[in-house]
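In what follows, a structure is listed as structure tokens, so that the remarks can point back to it.
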Amino acid sequence: MKKKYLYPIIILALIGLSILAYNMKNNKEEIPYPAFLKLAEEGEVVEVNLSDSPQFKAELKDGRTIYTDNPRTEDFKKELLLYGINVKEEGIGINELVIFLVLVSGLVYLLFHFKSNMGKEAEREMSNLSQIEDLDYKPNITFDHVAGNQEAKEALMEMVDFIQNPDIYNKYGARLPRGVLLYGPPGTGKTLLAKALAGEAGVPIYPVSGSDFVQIYAGLGASRIRSLFKKAKEAGKSVIFIDEIDALGKKRKGSQATGSEEGDRTLNALLAEMSGFKENEGIIVIAATNRIDVLDEALLRPGRFDRQIEVQLPDIKAREQILRLHAKNKPVSQEVDFRKLAEETVYFSGAQLENLLNEAAMIAVKEKEQLITEEHINKAYLKVLVGDEKKDRSSLTHKDREITAYHEAGHALVAKLVSQDIRVTKVSIIPSTKGMGGFSLNISPNSMYKSKKDIINDIKIALGGRAAEELVFGEDHITTGASSDLQKATEMVLSLIGIYGMDKESGLLNYKVLLSMDAKLDNITERAREILDKMYDETKNILLASREKLDVLAKALLDKEVLEEIEIDKLVSQ
Ligand code: ADP
Ligand code: ZN
């Protein structure tokens with residue numbers, strides 16, 4: 001039963017009991033005092049229960065129990081005894097006592113309940129507020145405690161100097177970043193990175209969670225934000241860490257001026273505090289989220305969280321490093337092959353890897369073994385994965401990875417083959433916020449304008465993923481993985497013919513104008529389709545002609561999960 005039903009039931013029960021007791025009293029046989037005296041004289045009364053209460057109870061010879069008024073005279077007991085009646089004395093009537101006890105215990109229970117439940121809200125408010133005060137500590141965590149995440153680490157390392165020596169930057173009039181947003185899947189080390197930053201800089205960190213600021217009491221979230229910043233400012237150089245910032249930083253409902261919702265108010269307070277920093281105080285605000293897409297744009301503007309750093313799931317190399325890091329303080333057997341373990345833990349987050357070794361250690365303890373062995377890790381593996389089918393060591397995952405590898409290799413290879421100017425800086429098959437895998441291009445434009453050729457290349461690059469899938473696995477096995485690619489390709493081809501007037505056949509008409517005039521767009525749609533189909537065929541041909549390179553790239557991806565520019569260039573130019 002839910003707790004919240006508990007107390008209406010108790011209250012009802014109490015009322016019921018009281019009524020019952022009251023009725024019991026009323027149902028009993030009462031006689032006038034003179035009548036009682038008569039009975040006593042006649043020797044009809046066997047026993048009397050004397051107390052201080054207004055009435056007393058008497059047992060009659062015929063077995064009846066009667067009540068009558070208590071005269072409360074001094075000699076009453078003596079009188080009764082003289083009649084030969086058995087007199088019993090009670091402090092309080094047993095009935096009253098029971099009712100009294102029930103009521104008291106009920107009250108006590110309710111009091112406790114109120115205190116622990118209703119008061120919980122208020123208590124939490126209070127304790128949270130004081131938590132903000134208490135939770136400033138200087139973490140002794142450094143970047144050495146964070147494995148992988150190279151880019152995020154480097155970006156944060158830069159900030160150590162900002163925090164430590166703001167004066168130097170002030171002298172040069174440089175505006176320091178105030179906020180850094182770390183985004184990526186849970187358990188990838190965002191909190192760890194924030195602590196490492198504070199640890200390296202040797203300043204206190206104020207860790208809070210966005211959900212702490214979501215309050216039922218109006219204005220409390222906003223005032224808590226202010227008190228948090230006040231504390232940090234008093235401490236001087238420091239790091240404020242706001243986990244789950246999406247809880248308070250969701251896109252605002254109202255416009256900035258009219259946003260009246262409590263959440264909006266809290267968010268506005270945060271924005272105001274961040275803009276209210278004196279330029280360079282050595283305070284950095286780090287926020288973390290796994291939902292960057294739901295954040296209010298105002299949070300991402302200059303002067304707020306204008307640095308956004310993606311924290312990704314670890315690739316195979318990083319997984320090995322994380323495993324080794326967390327194995328350091330554990331007696332792990334020499335036989336354990338961390339490289340192999342890293343291979344087997346595709347899609348694991350840092351937290352899950354840590355958890356894996358921890359579970360293995362627990363099993364080793366339970367089995368009273370000296371060392372943590374491969375067998376313990378295998379058992380732990382099953383435990384960590386319970387309910388997480390996606391990370392199963394099944395063939396499905398294997399196939400998924402292979403398809404992703406070919407898909408991403410397809411994008412990368414097409415990019416390298418269609419133009420000399422395009423640099424592919426990274427390809428990965430690690431799932432990210434953007435999808436199963438990803439690739440990064442660095443297109444250095446020679447001019448301000450994009451040419452028709454550039455747009456066509458971009459379209460082909462976007463289609464390269466699906467084209468590779470079809471080429472390698474056949475038409476029936478193409479996947480949904482290309483949906484955002486196709487969206488991009490569609491947008492680009494529509495711009496090409498309907499905005500930039502780059503297609504002879506469609507002419508120079510702007511389709512948005514046509515759209516606004518309710519004109520038929522069938523021709524444009526048909527033409528866009530034609531062009532896309534043609535480009536898709538061309539893309540497939542490009543890949544077909546370089547099929548070996550595609551295989552080499554995909555294999556390398558399966559092996560390393562992430563390829564950097566140098567490796568990509570080397571593989572493609574072979
Ligand atoms: P997030 O804030 O991204 O959800 P955390 O920083 O809370 O993740 O990670 C939880 C734990 O997982 C860390 O305390 C650490 O033990 C482990 N962990 C996660 N990522 C890493 C990493 N890159 N290197 C070492 N340990 C990690
Ligand atoms: Zn793609």
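Ligands are counted one by one from 1 in listed order, and the atoms in each one are counted from 1 as well. We number each residue from 1, following the sequence as shown.
Heavy-atom contacts from other residues, nucleotides or ligands closer than 6.0 Å to CE of M502 number more than 12. Around CZ of R547, the count of heavy atoms belonging to other residues, nucleotides or ligands within 6.0 Å exceeds 12.
Counting heavy atoms from C-beta outward, K549 and L553 have side chains that stay 4.5 Å or more apart. Taking the side chain as every heavy atom from C-beta outward, Y381 and T345 approach each other to under 4.5 Å.
Nearest N/O/S atom of D485 relative to the Zn ion (ligand 2): this is OD2.
The Zn ion (ligand 2) has no N, O or S atom of E408 under 2.8 Å away, backbone or side chain.
Taking the side-chain hydrogen bond (donor to acceptor under 3.5 Å, both in side chains) definition, one finds that T188 meets it with K190, sequence neighbours left out. Listed by chain and residue number, Y169 satisfy the ring-ring contact (aromatic ring centres under 6.0 Å, His included) test with F162 (two or more places apart in sequence, or in another chain). Residues satisfying the side-chain hydrogen bond (donor to acceptor under 3.5 Å, both in side chains) criterion with Q164, sequence neighbours excluded, are absent altogether.
Within 4.0 Å of ligand 1, protein heavy atoms belong to H145, V146, A147, N149, P186, G187, T188, G189, K190, T191, L192, I322, L325, H326, G350, A351, E354, listed by chain and number.
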